[in-house]
Amino acid sequence: MHITVIGGGLVGVTTAWYLLDEGHSVTLVDRAEELASEASHANGAMLHASHAEPWNTPRAIGQFLRWIGREDSPLLLRPREIPRLAGWGLGFLRYSRARHHARNTAVNARLAVYSLALMRELEQRIAIDYTQRHAGILKIFRSAEELEKARADSMLMATTAGVRHEALGPKQVVEREPALAGIERDLSGGFYYPDDASGDARLFCQRLGALAAQRGLDLRLGESVRQLNRRDGRMHSIETDTGTIEADGFVLATGAEAPHLASQAGVRLPIRPVKGYSATLPVAGLAGAPHLPIIDDGRKVVITRLGDQLRIAGTAEFAGYDKQVRSNRVETVLRQGLANFPALAAEVDTATADRWACLRPMTMDGPPILGESGTPGLYLNTGAGHLGWTFAAGAGRVVADMISGRVPAIDTTGLTLDRYG
């Protein structure tokens, strides 16, 4: 079959790759001039089954309400967005109940573990270099209460999906990552997840896309999709700013923009954009820089070493489709991240940081939406939220299997659009 994938980020490129594996003819269309130009460009750089919990935790709801309009908060709801979030927001609140949240954490963990296994398989198969490290990830806590909640979440993911973890006291945390020595007295403890990994998502996306093109992928960059066309109720073609593309099937993998295009095919997606920020710092020769990827749960930031650079990413900002890189929000991310490394903070020059912002596609319950859309010929791979890099290979494989008429290797309960009834 001829399949057209709409979207040139991580999920679009991995879906195209696995469709080629299945013997399909594949076209990939993206409005940017190069792959990974938007949400996949400068993310947190972590591949983490350990961080699979949806953001709408019962405790996060109270934080959102307390932090409405506060520019220095890690979770920011801009007041102007409240009316636009009405229906989606009620769902977000409903799914924050403990039983829903536990179920969706297990769904995400199942997909994440599968996806990380596929990434290791891909690396062995094609020897792709994306500054990857398989050193595990360290999650740190200052609050004893948050530490205990993380213990329960880690046990849930261990029993339902096999996510291994090791509980650490403050001294053991510093033994794992000496760069944290300056805040040892502030820590309650942490968890180490040995099977997690890290790497540059943009490099991976662009290099896998180049390999796919060598295998026959029709890569059409700098081409915007204007319209989805149906004939007799089935997806028939798409209109771009350069012409019409007909295909046997289409995969919508455009992230936060997916609801706009899906609506043209009569499909309603419960997805809202959530802005995240990142800063990438040169740290070559700086002794205070960490080597392990670190998740600071309390400050809502992640810190990842990428060769001679340090990526600090975080915040969740409900600001609609505003892509503006706000300097004050980037400074908040830098400040929160560097607060973990006093020695590094004293010598690094933050003025040299590359600053970035992107829109993450967030479903109201947490897991992504994969597979059939309800409109024949249109398939979905969207809604991964903060886990797009983690889910990319697994989600791409699942959708390619579904299109090819194969039963996916994992249970897809909780991952398809029909879960919303």
Side-chain angles (χ1 to χ4, degrees), residues 7 9-11 32 36-48 50-57 60 63-64 67 70-78 81 85 88 92 108 112 137 139 198-202 204-205 254-259 271-281 293-304 306 309-338 353-364 366-368 382-392:
L10 285 161
V11 294
S37 291
E38 299 190 38
S40 302
H41 185 78
N43 61 13
M46 291 187 177
L47 294 145
H48 47 30
S50 62
H51 205 49
E53 311 98 309
W55 275 351
N56 57 337
T57 65
Q63 292 174 326
F64 272 119
W67 288 336
R70 278 187 49 183
E71 287 291 335
D72 62 343
S73 64
L75 305 174
L76 174 61
L77 172 57
R78 295 197 178 278
E81 282 303 304
L85 288 172
W88 185 93
F92 189 78
N108 277 352
I137 287 177
K139 191 180 289 189
S198 61
D200 190 319
R202 181 182 62 84
F204 173 84
C205 193
T254 52
E257 306 288 343
I271 290 172
R272 290 298 299 171
V274 182
K275 189 192 287 190
Y277 290 86
S278 74
T280 306
L281 293 157
I294 296 167
I295 299 172
D296 182 342
D297 194 76
R299 290 191 164 106
K300 310 300 181 191
V301 292
V302 300
I303 304 107
T304 309
L306 294 169
Q309 296 183 314
L310 190 69
R311 172 78 49 79
I312 304 175
T315 79
E317 180 179 325
F318 287 85
Y321 286 90
D322 172 21
K323 297 180 182 178
Q324 181 181 352
V325 182
R326 297 179 183 272
S327 59
N328 62 323
R329 297 293 288 163
V330 180
E331 292 307 317
T332 296
V333 169
L334 279 166
R335 183 173 64 254
Q336 299 282 29
L338 291 174
D354 288 331
R355 292 157 165 79
W356 183 254
C358 69
L359 301 180
R360 310 177 185 102
M362 184 69 66
T363 60
M364 62 186 181
T382 188
H386 68 296
L387 292 165
W389 187 196
T390 297
F391 288 158

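For this chain, numbers begin at 1 and follow the sequence in order.
Between W88 and M362, some side-chain heavy-atom pair lies under the 4.5 Å cut-off. Side-chain contact check for M46 versus I137: some heavy-atom pair is nearer than 4.5 Å. The shortest side-chain heavy-atom distance between V325 and W356 does not fall under the 4.5 Å cut-off.
Listed by chain and residue number, L252, T254, L269, T382 satisfy the side chain to side chain contact (heavy atoms under 4.5 Å, CB included) test with A258 (two or more places apart in sequence, or in another chain). Not a single ring pair (Phe, Tyr, Trp, His ring centres under 6.0 Å) links F391 to another residue, sequence neighbours left out. Remark: H386 pairs with H51, W55 by the ring pair (Phe, Tyr, Trp, His ring centres under 6.0 Å) rule, at least two apart or across chains.
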Pair R326-Y277, side chain to side chain contact (heavy atoms under 4.5 Å, CB included): steps then yes or no: CA-CA 9 Å; R326 297 179 183 272; Y277 290 86; 3.7 Å; yes

Test R355 against R329 for side chain to side chain contact (heavy atoms under 4.5 Å, CB included), laying out the working first. CA-CA 10 Å; R355 292 157 165 79; R329 297 293 288 163; over 6 Å; no

Side chain to side chain contact (heavy atoms under 4.5 Å, CB included) between N43 and R202, intermediate numbers included: CA-CA 9 Å; N43 61 13; R202 181 182 62 84; over 6 Å; no

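Taken from CE in M364 to CZ in R272, the straight-line distance is 13.0 Å, to the nearest 0.5 Å. Put simply, OG1 on T332 and CD1 on I312 are 12.0 Å apart, with the number rounded to the nearest 0.5 Å. Atom OG of S198 and atom CD1 of I303 lie 12.5 Å apart (nearest 0.5 Å). The CG atom of D354 lies 8.0 Å from the NE2 atom of H41; values are rounded to the nearest 0.5 Å. Atoms CZ and CG, on R335 and N328 in that order, are 9.5 Å from each other to the nearest 0.5 Å. One finds the CD1 atom of I295 at 8.0 Å from the OG1 atom of T304 (value rounded to the nearest 0.5 Å).
The shortest heavy-atom contact between V333 and G314 is CG2-O, 4.0 Å. The two residues G199 and L306 come nearest to each other via the heavy atoms C-CD2, 3.7 Å. A pairwise comparison of heavy atoms in A313 and G44 identifies CB-CA, 3.8 Å as the closest pair. Scanning all heavy atoms of the two residues, the minimum distance from A353 to A279 falls at CB-CB, 4.2 Å. Between Q324 and A357, the closest heavy-atom pair is O-CB, 4.2 Å. The minimum heavy-atom distance linking P273 with A256 is given by the pair CB-CB, 4.0 Å.
A donor-acceptor pair under 3.5 Å links the side-chain atoms of T390 to the main chain of H48, judged by distance alone. With hydrogens and angles ignored, the 3.5 Å screen pairs no side-chain donor or acceptor of K275 with any backbone N or O of T315.
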